[in-house]
Amino acid sequence: MTHMHDETISSPVIGIDLGTTNSVVAVCLDGRPRVLEEEGNALVPSVVGLAADGRLLVGEAARNQLAAFPDRTIASVKRRMGQAVKLSLAGTDYTPQEISAVILRSLKERAERALGCPVSRAVITVPAFFDEPQRQATLEAGRLAGLTVERIINEPTAASLVYHAGSTDRRHVIVYDLGGGTFDVSIVRIERGVVEVLSSKGDTSLGGDDFDELLARHVAARFQQEHDHDLMADAGTRWRLLTACERAKCALSTAASVQVVEEFIVMVRGRRVSLDVEVARHEYDELISGLVDRTIGCVDTAIRDSGLALSQIDELILVGGSTRTPLVQQRLRDELRREPRWSVDPDLAVALGAATQAASIAGQAVGPVLVDVATHTLGIAAVCGSPWSEQLSFVPILRRNSPLPARYEDLFSTHGDDQDLALIPVLQGESPRLEENREIGRLKLEGLNASADCDGKILVRFELSLDGTLQVMAVESRSGISQRLAIVGALSRMQEKDASAAAERLAALTGVAMLPADDAGGFEAGRHEPATASAGRPHEAVVRRARQALPGLGPEDTADVERLLRLIEEAAIAGDEPLLGGLVAELDDLLFYAAG
Ligand code: ADP
Ligand code: MG
């Protein structure tokens, strides 16, 4: 348990995202909103249950018994808010407000444990489409939980506050919110701290749960083919399948393919059988593309209803756990022709915004939320397009604004059966045009041409740490040949000279490039060759640039550059890679500012 009690907070006001699937509580400390976690968990599943011994369960514990004891467990109560219905829990009837109050009370208690003081005031968020009875029911739930509800605010409003608290210029923002069970999109205008929802459109029965369902059906069909048994027939088995599929789905947001595994899932003809099915990202994308298209239709309608032209929209903000899905981001990029902004974890943005609003009610000044994010897109050069119009392009792997640390991977295929060598240039930049990006390193896979009876697949993984060090790993599926590269200062800024040098190097490359994989044949992890480290190139390039720049520098810069060059030489001789990396990054920065 962490105590974050601050003497200056006399009566804290907390911000609560009371979600259909998950709820989150946050509070501002030292002028910054923070989510209150417990045991590393920020999200509290919005589920209430009664244990066999009559204990009240909230969150994870309640969610865990949902499948086994459906009549003693209530999920998705938010869908019922404002309705005159009774919800039965172990034979007793409750109103939706009462069940929501149980969740709110547990969030209040979580805040009290974290802050070490009583908490009685809150800002609670609701969807923009909630009508008056639904808002009233939410207010009542707050009162029942022992909270003074200072304000009910719209979820998209809260999310835009995270990014724009305190800024004065007028901005139009699209807030795209895809959660577990609902989808909504709002067009929001922010001006001098006032947020106005111009239009809102959504689908209250579309969300991540549907993605789980589609994946489960796909996996069940594969299982049926192999074992002639329907995993969806029995409720308990179906639940286990769905749970495994949700896990796999989340993994597919950063991995190129996953293994859906569940041990001893059923008895088939007297034998215990385990589930083990591989799903590649592109297969999953096909499954969900119809649903993603539906959300894009809503986005178009919301923009039309707002009376704004696409060109008047300044920004796209992603909210809700399901917006981590790469296909969702890709479709939005294509449709809106802009890079989504999600430097805050999308499932925490609403609570952080509510805490921002709460703090200003409590009279605290709040600054913008600062999170460490990738300041540039990082990717590789690969051949794109149809076989008759192939083009070497920049293929992003880790996008700008991704929260750090981050890890993403993608699959590519080798270019033709007889390819023996793959050169993989690692690039930084935002342009699809290769020559407008900066090459920051290069991997080389040699000796790939084993028994070439199928296309080779190359898995490329990027891991970016908080200090800006990029670990790149590439492994070829047939041979298991792999290489690893550490690039320090992968986010340092692009320079003119770099750009033209990169263009020259890349021009000579077309013959040995790779294609993004369109199908994912049996890639097997765990067959990797011992990795070879090589971090030479980018270091040498920076040192060379520094030597060239020296004659043109002023006395102060000259002294600094010379000092760094000396230290770099010593670090290189000592083989101290981390130190070397830090120094080179420093030199790179210095050169950038000295040149500008
Ligand atoms: P809500 O607002 O409906 O309460 P959330 O914003 O918490 O919901 O989103 C929950 C949904 O997000 C779930 O369907 C969950 O599976 C999905 N989700 C969470 N993390 C990821 C991820 N990494 N990739 C894809 N989907 C995810
Ligand atoms: Mg939500």
Side-chain angles (χ1 to χ4, degrees), residues 15-26 35 37 41-47 59-60 63 66 75-79 81 100 103-104 107 124-130 138 153-160 162 175-186 200 202-216 242-256 258 260 279 281 284-285 287-288 291-292 295 317-331 342 344-354 399 402-403 406-409:
I16 293 178
D17 169 9
L18 185 61
T20 311
T21 317
N22 297 302
S23 296
V24 182
V25 57
V35 166
E37 297 186 352
N41 291 322
L43 307 184
V44 178
S46 304
V47 186
E60 205 59 56
R63 188 178 126 126
L66 188 56
S76 304
V77 61
K78 189 172 179 177
R79 293 184 186 286
M81 292 295 273
S100 288
I103 300 168
L104 288 172
L107 296 170
I124 303 177
T125 61
V126 296
F129 63 77
F130 256 29
T138 307
I153 65 172
N154 290 322
E155 287 160 11
T157 301
S160 22
V162 175
V175 182
Y176 176 102
D177 183 349
L178 188 58
T182 59
F183 163 70
D184 57 87
V185 53
S186 305
S200 207
D203 190 328
T204 50
S205 53
L206 196 171
D209 297 348
D210 300 298
F211 295 180
D212 301 345
E213 178 75 29
L214 289 173
L215 184 56
L242 274 173
T243 311
C245 284
E246 194 203 355
R247 260 196 320 271
K249 167 190 82 172
C250 293
L252 274 176
S253 289
T254 57
V258 294
V260 186
V279 181
R281 165 110 46 83
Y284 174 63
D285 285 352
L287 296 174
I288 62 167
L291 292 182
V292 176
T295 72
I317 293 178
L318 299 188
V319 177
S322 301
T323 59
R324 289 217 177 87
T325 311
L327 183 69
V328 168
Q329 295 172 22
Q330 193 51 54
R331 295 285 288 114
W342 56 299
V344 166
D345 275 341
D347 31 21
L348 307 181
V350 170
L352 290 169
R399 298 267 180 181
S402 304
R407 172 176 163 159
Y408 290 89
E409 59 183 48

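Count residues from 1 along the sequence. Atoms within a ligand are numbered from 1 in the order they appear, just like the ligands themselves.
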* **Candidate pair Val319 and Glu155, rule side-chain contact (heavy atoms from CB on, under 4.5 Å), full reasoning** => CA-CA 9 Å; Val319 177; Glu155 287 160 11; over 6 Å; no
Just need the protein heavy atom nearest to [atom], so name the residue and atom and give the distance.
{"atom": "atom 7 (O) of ligand 1", "result": "Asn22 ND2, 2.8 Å"}
{"atom": "atom 6 (O) of ligand 1", "result": "Gly321 N, 3.0 Å"}
{"atom": "atom 2 (O) of ligand 1", "result": "Gly179 CA, 4.1 Å"}
{"atom": "atom 25 (C) of ligand 1", "result": "Ser253 OG, 3.3 Å"}

Do any N/O atoms on [X] end up under 3.5 angstrom from N/O atoms on ligand 1?
{"X": "Asp347", "value": "no"}
{"X": "Glu246", "value": "yes"}
{"X": "Asp177", "value": "no"}
{"X": "Leu178", "value": "no"}
{"X": "Thr182", "value": "no"}
{"X": "Thr325", "value": "no"}

Using a strict 4.0 Å cut-off to heavy atoms of [X], name the atoms of ligand 1 that fall inside it.
{"X": "Thr21", "result": "1 (P), 3 (O), 4 (O), 8 (O)"}
{"X": "Arg324", "result": "20 (N), 22 (C), 23 (N), 24 (N)"}
{"X": "Gly208", "result": "14 (O)"}
{"X": "Thr20", "result": "3 (O), 4 (O)"}
{"X": "Gly19", "result": "4 (O)"}

* Compare all side-chain heavy atoms of Thr138 with those of Ser100 and state whether any distance is below 4.5 angstrom. => no
* Would you say Asp345 and Arg324 make side-chain contact, with heavy atoms under 4.5 Å? -> yes
* Asked: Is there a side-chain hydrogen bond (donor to acceptor under 3.5 Å, both in side chains) between Thr295 and Tyr176 once you walk through the steps?
  -> CA-CA 9 Å; Thr295 72; Tyr176 176 102; 2.7 Å; yes
* Asked: Is it the side chain (CB and beyond), the backbone, both or neither of Cys250 that lies under 4.0 Å from ligand 1, heavy atoms counted?
  -> both
* What distance separates Lys78 NZ from Thr204 OG1, expressed to the nearest 0.5 Å? -> 11.5 Å
* Asked: How long is the gap from CG on Asp347 to CG on Asp177, to the nearest 0.5 Å?
  -> 10.0 Å
* Asked: Which is it for Tyr284 and Leu327 under the side-chain contact (heavy atoms from CB on, under 4.5 Å) test, yes or no, and what are the steps along the way?
  -> CA-CA 9 Å; Tyr284 174 63; Leu327 183 69; over 6 Å; no
Counting N and O atoms only, with roles assigned by atom type, does the side chain of [X] sit under 3.5 Å from a partner on the main chain of [Y], one being a donor and the other an acceptor?
{"X": "Glu60", "Y": "Pro45", "value": "no"}
{"X": "Arg79", "Y": "Gly181", "value": "yes"}
{"X": "Glu246", "Y": "Asp212", "value": "no"}

* Asked: Step by step, would you call Glu213 with Leu242 a side-chain contact (heavy atoms from CB on, under 4.5 Å)?
  -> CA-CA 7 Å; Glu213 178 75 29; Leu242 274 173; 4.2 Å; yes
* **Contact with ligand 1 for Gly207, non-hydrogen, under 4.0 angstrom** => no
* Asked: Considering Ser46, Gly320, Gly180, Ala42, which one's heavy-atom position lies nearest to atom 13 (C) of ligand 1?
  -> Gly180
